[in-house]
Each structure stands twice: as C-alpha cells, then as structure tokens.
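Quick note on labels: first sequence line is chain A, next is B, and so on, each numbered from 1.
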There are 2 protein chains.
Amino acid sequence: MTGKPGKVTQREIARIAGVSQTTVSMVLNDRDGSNIRIPDATRERVRRAIEQSTYVADPAARRLAGLDNKILGVFTYESALSPESMDFYGPLLNGIERAAESLGCDLLFFTSSPVEEGRRRLFHRNTRLRLADGCVLLGQQMDGEDLERLVAESFPFVAVGRRDETDAPVPYVGIDYGALTGRLLDRAAELGHEKVLYLHRDLNSPTARDRLAAIGRAPGALAVAPFIVGDDLSDLPQVVARSGATAVFAEDAFLVEDAALVLADPSLSLAALAEVRGHRIGGRTLSGFHTPRQQVAAEALALLQQLISTPAEEHGGIEIQRLLQGEVALGETLILRGGTR
Amino acid sequence: MTGKPGKVTQREIARIAGVSQTTVSMVLNDRDGSNIRIPDATRERVRRAIEQSTYVADPAARRLAGLDNKILGVFTYESALSPESMDFYGPLLNGIERAAESLGCDLLFFTSSPVEEGRRRLFHRNTRLRLADGCVLLGQQMDGEDLERLVAESFPFVAVGRRDETDAPVPYVGIDYGALTGRLLDRAAELGHEKVLYLHRDLNSPTARDRLAAIGRAPGALAVAPFIVGDDLSDLPQVVARSGATAVFAEDAFLVEDAALVLADPSLSLAALAEVRGHRIGGRTLSGFHTPRQQVAAEALALLQQLISTPAEEHGGIEIQRLLQGEVALGETLILRGGTR
DNA sequence: CTGAAAGCGCTTACAG
DNA sequence: CTGAAAGCGCTTACAG
C-alpha cells in the first residue's frame, strides 16, 4: 500500500514551473509578508502548473509540519448512527455537521475505538485522536479519566453536556436542566399540585444530579418524592397510590411513556424533565422541555474552534463552561390538579 | 498552534528506555522478522516506558511514512446528517458505522467540501481526501469527472449505488432496481392490471434509468406509460383518467404519497419502485420494495477495505461491481384490478 | 526575490 | 541484536 501512482507533489509542480519547491509552498499558502515577495509572473507560472496538474496538498504532511488540519474529532461513548440513538444524537449531529460546514472543517468519527464494558474507549494504542485539531465528546456518561487526560495533555476538546466529574475545569456546552426543572415545578405548583412523584434510574450523570438538586429546591407548597425505577414498572400504580401524588414526572420522555402504559388514571398529570418533541401520551402532547440541541452542538463546535485557534496562555479569557437555556413545553399532560386528561 | 506540550514521541520513549528510537518503532509495530530479533528484556523495557507514558503514535507521521491509517473517508453529495436526509442516508450511515467498527476503522466525513450549485465538490484546494486510506461516495447523482479522477489517480473508492456515467469501470455496491421493478410489474399483471402509469421526475441517475429500462421490458399483457411530473400534481387526476390506467406507480414513496393526495379514487392501485418501509397511504402499508440498505453499506465498506489492502495489480481478481437483491413488499395498496383499497 | 536546509514523527532498508 | 540514516511531503526560519 505504498503505491500512490497518481500522486502529484510540490516537487513535481516546482519542476514543471521551473522554481524551487519552497516557492511552490509559498504560493500555495499565500505567504507574502515583509521579507517574502514573489513577483506576479512567478506566482502565475506556479498557479498554472498547479491548475494543469491534479495537485492537492497532502494533509498528513501539512499536519506533521505543524499546521492545523481543519479536522474536528467526534467521539461518542455509544454508537452514534444507530436508529435507536438517533432520537438523542440526531439533532446534535445535525448541528455539528452544519457548524463544521460553516467552519470549513471535516469531521473524524472515532468509530474504531474498542468497546469495553459497553462503552468506547477514547485512548487506545492506535487512536487517531491527534489527527484532529480538537475533539467534541458526546454521551450521557463520560469517563472522568479521559477528561483528566485530555486536560493534562492540553488537547483541545469540548464536552456536550455539563460535566463535573473532574477536578480540572472541563470545557462544555450544555443545557440548564436545573433551571428548567425549577420552572416546571413552579408550573405544577400553580396548577394546584402538592405531591409529585419523580421517576428516575439513578444515573450517575451531572444532568441527572442537576434535576435532583432542583427537585430538592422545590417550592414550599410542593413535595417531590424521587423514586428509583428498574425495568419492571408493574408496581408503579401502588407506589403512586401510596404516595398520594397527583403528578408523575420522569427523567426522560420514554420513561413517561412506559409509566403511562401501567398508570391508567387519567387524572394523573405527567411530564418529562427532558426533551419531549414528538412524544405524545394517548394523543396529547407530552409536557416537558424543549431543548436547543442543535444550538448546543453549534456552540460546542464554535467553542472548540476558539480553543484551537487561541494560544493556551490566553484561554483564561474564554468562557469554557456554558449552559444554554431551554424552554418549558407546557404540553397537554400536565394539567390542573383534579382535572382529567 | 504548534504548542503540543503534552505530546510524547518515540524519541522520548527511547530516551527513557535507553534504546534507540528505531527500536521503539520496532517494538510498537511488532517487527520481529528474520533479521530483526529483539530480546524480551529490551522489549519489556520499552513496553513499560510506553505504558508509563501517555504515548500514542502520531497518525500523520505514520501516514506520511507510508502506512495505512485505518481511516475511511465518507463523501456525501448532500448534507448527510440533516433530518430530511435521514430517511435515505440513515440506514446507510448506520451500516457504515457498524462496518467501520468491525473493521477497526475511523470515519472521516468531508463536511468541509465547498458547495457549488447545491452539491458538494469532492476535489478542492484543501481536500483531506488523501488522509483517508480510501473513500465511500454516497448520493443519488454523482459527478462523472470526480469518478474519472479517482480512477485515474488510483485512489481506492467505492460508490454506493450503481454507476454508469464513466468509461472506466467504477467500483460500486448497489441494489438491483431493475430486477425488483420487473417483479413488481409481474405482480401487477397477475392482479389483472393492463395499464399502469409510472410517475417520475426524469432524474439522470443510473437507478432511474434501471427502472425505466425494466418498464420497457414489461410483460406483454401490461402497458406501462412513463409520465414526467413536476412539483404541481393538480393535473394528475385527468392524466390518469385519460390514460385508462388502473394502477399508478412512482419512483419513490414520497411521490406516491403526494400523488395519493390528489388521486382520490380508492380503486386505483398504488406502489413505489423504491423502499417503502414506514410509508402508509390512508392507513394501508404501501406496496413497493424492501431494500437491504444496511447490507449495501456494509458490503461497500468491505469492498473498499479489500481494494485498499490488495495491490493494484491484483484488482483484476475482485468483483468490483455488485448489485444486491432486494425484495418486493407486497403491501396493501397494490390490489386486484377493480377492487377497492 | 528565491533557494538550500532543517525539522515535524514516523518506518524501513542498511550497516554494523 | 541494535542504531544511524534516509525518506515520506510539507512549512518555515535562514542565507544569499
């Protein structure tokens, strides 16, 4: 696999144009500063030689010589392009693709990373991480060690979603689930609810903690009881009855849907503390949040680009941790206490 | 952007282990042939030095030195990750991701390619194409010149979908739409239809031509009239009435859906000469094809890998043009002539 | 204004 | 068994 017969190099162009290889490089990179001044004639000669050939710069060589590659890495802790993950990753990937287009960057997906314990490993023997100028990380849960190491090696990266599992501050762009949760709880209180049951899977992620923390700060009139669920929800009706809750919230829309299947009571209010777009319960739009996922992705790439193009000493001036505000989706399943859906 | 403070090189490892940089390279690449024999002791010393450090090989340097990168390029002529394109690209991308995982390859998406006349350009000033060992091309229509040039530069690539726009034989993996069309027409004849109207947009793609060619070979009892449609379908009822057709086929499921909106007659049979999964007309599953798109993607990557790892002289032994068989989806909209949906 | 030279980090003949 | 050297294709000081 060394045979690259069709490959044209700067040396070849130089030969044709009758100049040195250095000059070709200068022309290609528009190096035209104080001490380098290439006459238009030479410049033209080189240009023509290039046009007539099929020359394209070898990106590996450029990179090795110290230039940016305009390649951004995309690392996902799970499969990104499977049908199941599209609900979550789809809008993010779309935002990333569009941002990359407008930044003029290519996207390197680290699909080769070996899977261990169900999750991909970022660092491994032959990681191509370094080929990228920087990397965005996606996934509900991330590996704290990966993050620490990226910081330690001062490799530019941005996590999508809030992170707090490390000592060193990690650059991220996320959604302010705490604020959203607070607002939805306010809304529930306004509608007369006094007891809410909150279903979750006890995930160990920052956003899961943000939701729980916000629940701990619920308005005085409202008591919210967290309840950890497993795969089997058959006990749920009893739990709800015993708790006296008039509303059931859950950490994501799928969990609300599952709960709704076993919870037949139409007077029970339902909501997800997460994106609800496209989700309906018995024909009614689910109450919950609208989260600006495309915008998160776009801002993550913009931040990454900023980190890449700013010398490390000046990183202090950059806001590296950003939470974007979503909005509460009122929906039709969070209703007046005592009403019916 | 030259500051790579956290970067460890082979030279550094060599210094620590007290060997030459060459030896480090040998150990890393398990070079252990006839004339190179590294004692386990040395080997171990190097291994430990590597483990203790955060060394990872620089992929740009490896590539420049002539090795494969295990990076496969993905070029799409349109946006690949937008919600609209997911219907078409989704299963293909999913197949590509999975195949890449099992081949141990990363995926480079050429999102930076400048868009001209609504389509991306493969070759441009700073293309990173060469960074990949090879490339898969996706898109309904492709640029013949791009394909010619790839062949001329003997850059390994595989097109997804049949291609015939070049003189040189282009490697591809596609679906045999001609065979599928033939079988659906047979089915229509069996159901008693004698006249069918075929709606299409007169696209200039090989698969579009394959469908038309198969229509030209329709069974004797069946007359199929191709009809080119624009965006406005309001004339369609008249056209159908005038033609005397008892069935209307179209080149894709969306076009059938659009046609169904203006064609109220429930005795009219409908079908798409394309993938129909997930499509319904008035509650009935649409008749058409089931196409193995994930398999197409997987086979395209396998073929690409084969082309990459086989010396060019032996390419003659590889079947580079492959058509996969799909199956006819009987559905509920292609019915007995005279029946009602 | 332009070229010869060093260097980026690796691999692989080629000499010891 | 192991290292010094050349080379991959580029960029960028540094000399003319």
Subject >> Leu64(A), nearest nucleotide to its side chain (from dT11(D), dT11(C), dG9(D)) >> reply: dG9(D)
Original post:
How close or far is atom C1' of dC10(D) from atom CD1 of Ile13(A), stated in whole angstroms?
Top reply: 14 Å
Subject >> Below 4.0 Å: OP1/OP2 of dT11(D) and any side-chain N or O of Gln10(A) >> reply: yes
Subject >> CA sep, side-chain torsions, deciding dist, call: Gln294(B), Arg98(B), side-chain contact (heavy atoms from CB on, under 4.5 Å) >> reply: CA-CA 9 Å; Gln294(B) 297 212 10; Arg98(B) 290 179 4 185; 3.4 Å; yes
Original post:
CG of Asp58(B) versus P of dC10(D): gap in Å, rounded?
Top reply: 16 Å
Subject >> Whole angstrom value for the distance that separates C1' of dT2(D) from CZ of Arg11(B) >> reply: 18 Å
Subject >> Side chain of Val19(A) (C-beta onward), nearest among dG3(C), dC10(D), dT11(C) >> reply: dG3(C)
Original post:
So, does Arg120(B) use its side chain to make a donor-acceptor pair with the main chain of Thr76(B) at under 3.5 Å?
Top reply: yes
Original post:
What nucleotide among dT11(D), dT12(D), dC10(C) has an atom nearest to a side-chain atom of Ala57(B)?
Top reply: dC10(C)
Original post:
Within the structure shown, what part of the strands sits under 4.0 Å from Thr22(A) by heavy-atom distance: base, sugar-phosphate, or nothing?
Top reply: base
Subject >> Sugar-phosphate only, base, or nothing, as touched by Thr23(B) at under 4.0 Å among non-hydrogen atoms >> reply: sugar-phosphate
Original post:
Expressed in angstrom and rounded to an integer, what is the separation of Asn29(A) atom CG from dC10(D) atom P?
Top reply: 10 Å
**OP:** Ignoring backbone atoms, test whether Ser20(A) places a side-chain nitrogen or oxygen under 4.0 Å from the OP1 or OP2 oxygen of dT2(C).
**Re:** no
Original post:
Does the pair Asp133(B)/Arg63(B) count as a salt bridge with the N-to-O cut at 4.0 Å?
Top reply: yes
**OP:** May I ask which nucleotide in the shown strands pairs with dT2(C), Watson-Crick or G-U wobble, both distances under 3.5 Å?
**Re:** dA15(D)
Original post:
Can you find a side chain N or O atom of Arg63(B) that sits less than 4.0 Å from OP1 or OP2 on dC8(D)?
Top reply: no
**OP:** Go through the steps for Phe109(B) and Glu97(A) under the test side-chain contact (heavy atoms from CB on, under 4.5 Å), then give the verdict.
**Re:** CA-CA 9 Å; Phe109(B) 283 70; Glu97(A) 183 186 38; 5.9 Å; no
**OP:** Ignoring the backbone of Ala61(A), work out which of dG9(D), dC10(C), dT12(D) is nearest its side chain.
**Re:** dG9(D)
**OP:** Indicate whether OP1 or OP2 belonging to dT11(D) is found under 4.0 Å from a side-chain N or O atom of Ser25(A).
**Re:** yes
Original post:
Between Gln21(B) (CD) and dA4(D) (P), how many Å, whole number?
Top reply: 10 Å
Original post:
Looking at side-chain heavy atoms only, is the closest gap between Leu129(B) and Phe110(B) below 4.5 Å?
Top reply: yes
Subject >> Interatomic distance, Arg62(B) CZ vs dT12(C) P [rounded to whole Å] >> reply: 9 Å
Original post:
So does Glu145(B) have more than 12 non-hydrogen atoms from other groups sitting under 6.0 Å from CD?
Top reply: no
Original post:
For Thr42(B) and dT2(D), is the shortest distance between a side-chain N/O and OP1 or OP2 below 4.0 Å?
Top reply: yes
**OP:** Choose from dT2(D), dC8(D), dC10(D) the nucleotide whose nearest atom is closest to any side-chain atom of Pro39(B).
**Re:** dT2(D)
**OP:** Using whole Å, report how far CG of Leu28(A) lies from C1' of dT12(D).
**Re:** 15 Å
Original post:
Whole-Å distance between dC10(D) P and Glu12(A) CD?
Top reply: 11 Å
